[in-house]
There are 2 protein chains.
Amino acid sequence: MRTTDHDHLPARGKAPMTDVAEADSPACTYELVRSVLDRVGDKWTVVIVCELGNGPRRFNELRRLASPITQRMLTVTLRGLERDGLVSRTVHPTVPPQVEYALTGVGRTLLTIVRDLADWTEANLDHIRTARAGYDRVQG
Amino acid sequence: MRTTDHDHLPARGKAPMTDVAEADSPACTYELVRSVLDRVGDKWTVVIVCELGNGPRRFNELRRLASPITQRMLTVTLRGLERDGLVSRTVHPTVPPQVEYALTGVGRTLLTIVRDLADWTEANLDHIRTARAGYDRVQG
DNA sequence: CAGTATCCAGACAGATACTG
DNA sequence: CAGTATCTGTCTGGATACTG
């Protein structure tokens, strides 16, 4: 399978073969950081990780919590996180089927990082907003 | 000017009118975090911020340091950072012109965040790589 | 040197319809 | 319920050529 590289489920275009490099060569630190940002920087990952931070959730439950996310993007995002071992996927063989997603241990440490990021944002939001407004006033 | 929304210099498509919201409503924390990730999550911002972390740099100097970046993307990235007050741009009116870019105070705190991110990545890289390989072995 | 201006391929993501 | 399959528009970013 997966010979034709179609569209359907985009196979996580992010970080395609940027096989994360070693950690100490001079410039590759950027590659390294980017590999996380590629993981975390897309539109929905942060939302999903934060929601799962409150406990395990099922598919449509997540769909509601992540408000205007589409089925497709939820699937794509969860697959990516699962692939990286950040969330676990547990299928309960009931009828109708139930699938439960939860943060793994590593996923939980990622949550910490995301929260640090949120803290930084809160602390510097006004400054950025002001700077942005000032810049836009001077420029077009 | 800037009535026709052409291509030329894309006017920072990121975080277009997602005017960063207040910091305490229940779900808007995501918007908040996303607003930083939009700022930091693009392909070059991290590289530029890290390089400027070593001191002020000039345009083509940065261009060399950020290896395969194009002129356009360097300009776009620097403009975005300047707009948000994270880097300063100083023109020395010499011939030929010299323009020096440097991190501002806030920009320097962003550098801290980026480094935290790098630390997390280093710490969890093996785990992610392994998980990814395992997942890919099972799936397509 | 330090940029602008265009063109364009390919990735990201929304809407919609269908399925075990 | 929990997805998969397509189609499609939009945005990102690379290549290239030109300028004060």
Side-chain angles (χ1 to χ4, degrees), chain A residues 1-2 4-18 34 37-45 47-48 56-64 66-80 82 87 89-101 139-140, chain B residues 1-2 4-18 34 37-39 41-48 56-64 66-80 82 87 89-101 139-140:
Chain A
M1 313 295 120
R2 183 56 51 94
T4 46
D5 203 39
H6 280 99
D7 187 27
H8 48 314
L9 284 195
R12 269 275 128 194
K14 297 297 200 105
M17 271 295 92
T18 317
R34 291 241 79 270
L37 287 170
D38 284 341
R39 163 74 284 146
V40 147
D42 64 39
K43 196 171 181 185
W44 297 108
T45 296
V47 178
I48 301 302
R57 296 283 182 263
R58 287 170 38 205
F59 189 87
N60 278 327
E61 208 172 352
L62 276 176
R63 204 185 160 189
R64 277 184 291 275
S67 54
I69 195 174
T70 60
Q71 272 181 325
R72 195 183 96 96
M73 290 323 295
L74 181 53
T75 301
V76 169
T77 303
L78 286 170
R79 285 292 176 279
E82 190 193 352
V87 311
R89 177 176 181 272
T90 314
V91 181
H92 300 284
T94 60
V95 173
Q98 288 195 194
V99 181
E100 201 171 71
Y101 293 92
Q139 319 289 325
Chain B
M1 313 297 115
R2 185 54 51 92
T4 46
D5 204 38
H6 279 99
D7 189 27
H8 48 312
L9 283 193
R12 270 276 131 194
K14 297 300 200 105
M17 272 295 92
T18 317
R34 290 241 79 267
L37 287 170
D38 283 341
R39 163 75 281 147
D42 64 40
K43 195 171 182 182
W44 297 107
T45 295
V46 164
V47 179
I48 300 303
R57 295 285 182 262
R58 286 168 41 204
F59 189 87
N60 278 326
E61 209 173 350
L62 276 175
R63 203 184 161 188
R64 276 185 292 276
S67 55
I69 196 174
T70 60
Q71 273 180 321
R72 193 183 97 98
M73 290 324 293
L74 181 52
T75 301
V76 169
T77 304
L78 286 171
R79 286 290 176 280
E82 191 194 350
V87 311
R89 178 175 180 272
T90 313
V91 182
H92 300 284
T94 60
V95 175
Q98 287 195 196
V99 181
E100 203 172 69
Y101 292 91
Q139 320 289 326

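Below, all heavy atoms of this structure are taken into account, side chains as well, without hydrogens, waters or symmetry copies. All figures in this text were calculated on a predicted structure; none of them were measured in a lab.
Side-chain atoms of B:Arg58 lie closest to C:dA2 of the nucleotides D:dA2, C:dA13, C:dA2. Candidate nucleotides C:dC1, D:dA2, C:dG3 were compared by shortest atom distance to the side chain of B:Pro96, and C:dC1 ranks first. Closest to the side chain of A:Val99, out of D:dA2, C:dG3, D:dT4, is D:dA2. The side chain of B:Trp44 approaches D:dG14 more closely than any other nucleotide in the set D:dA2, C:dG3, D:dG14.
The rotation axes computed at either terminus of the helix from C:dC1-D:dG20 to C:dG20-D:dC1 lie 50° apart, taking five pairs at each end and rounding to 10 degrees.
Between C:dA11 and B:Lys43, no contact under 4.0 Å exists linking OP1 or OP2 to a side-chain N or O. Within the structure, a side-chain polar atom (N or O) of A:Tyr101 is placed less than 4.0 Å from OP1 or OP2 of D:dG3. Between D:dA2 and A:Arg64, no contact under 4.0 Å exists linking OP1 or OP2 to a side-chain N or O.
Across the protein-nucleic acid pair, B:Ile48 atom CD1 and D:dG13 atom P stand 12 Å apart, rounded to whole Å.
With sequence neighbours left out, B:Pro56 forms a side-chain contact (heavy atoms from CB on, under 4.5 Å) with B:Glu100, B:Ala102. For A:Arg64, there are no side-chain hydrogen bond (donor to acceptor under 3.5 Å, both in side chains) partners two or more places apart in sequence or in a different chain. Taking the side-chain contact (heavy atoms from CB on, under 4.5 Å) definition, one finds that B:Val91 meets it with B:Arg89, B:Val99, sequence neighbours left out.
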### Query
Going 5' to 3' along nucleotides 15-20 of chain D, which nucleotides have protein heavy atoms under 4.0 Å from the base (write B), which only from the sugar-phosphate (write S), and which from neither (write -)?
B-B--B
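In this structure, the side chain of A:Arg39 engages the main chain of A:Gly80 through a donor-acceptor pair within 3.5 Å.
Contact detail for A:Trp44 and A:Pro68: the closest heavy-atom pair is CH2-CD, 3.8 Å.
When side chains are defined from C-beta on, A:Arg79 does not count as touching A:Val76, because their heavy atoms never get closer than 4.5 Å.
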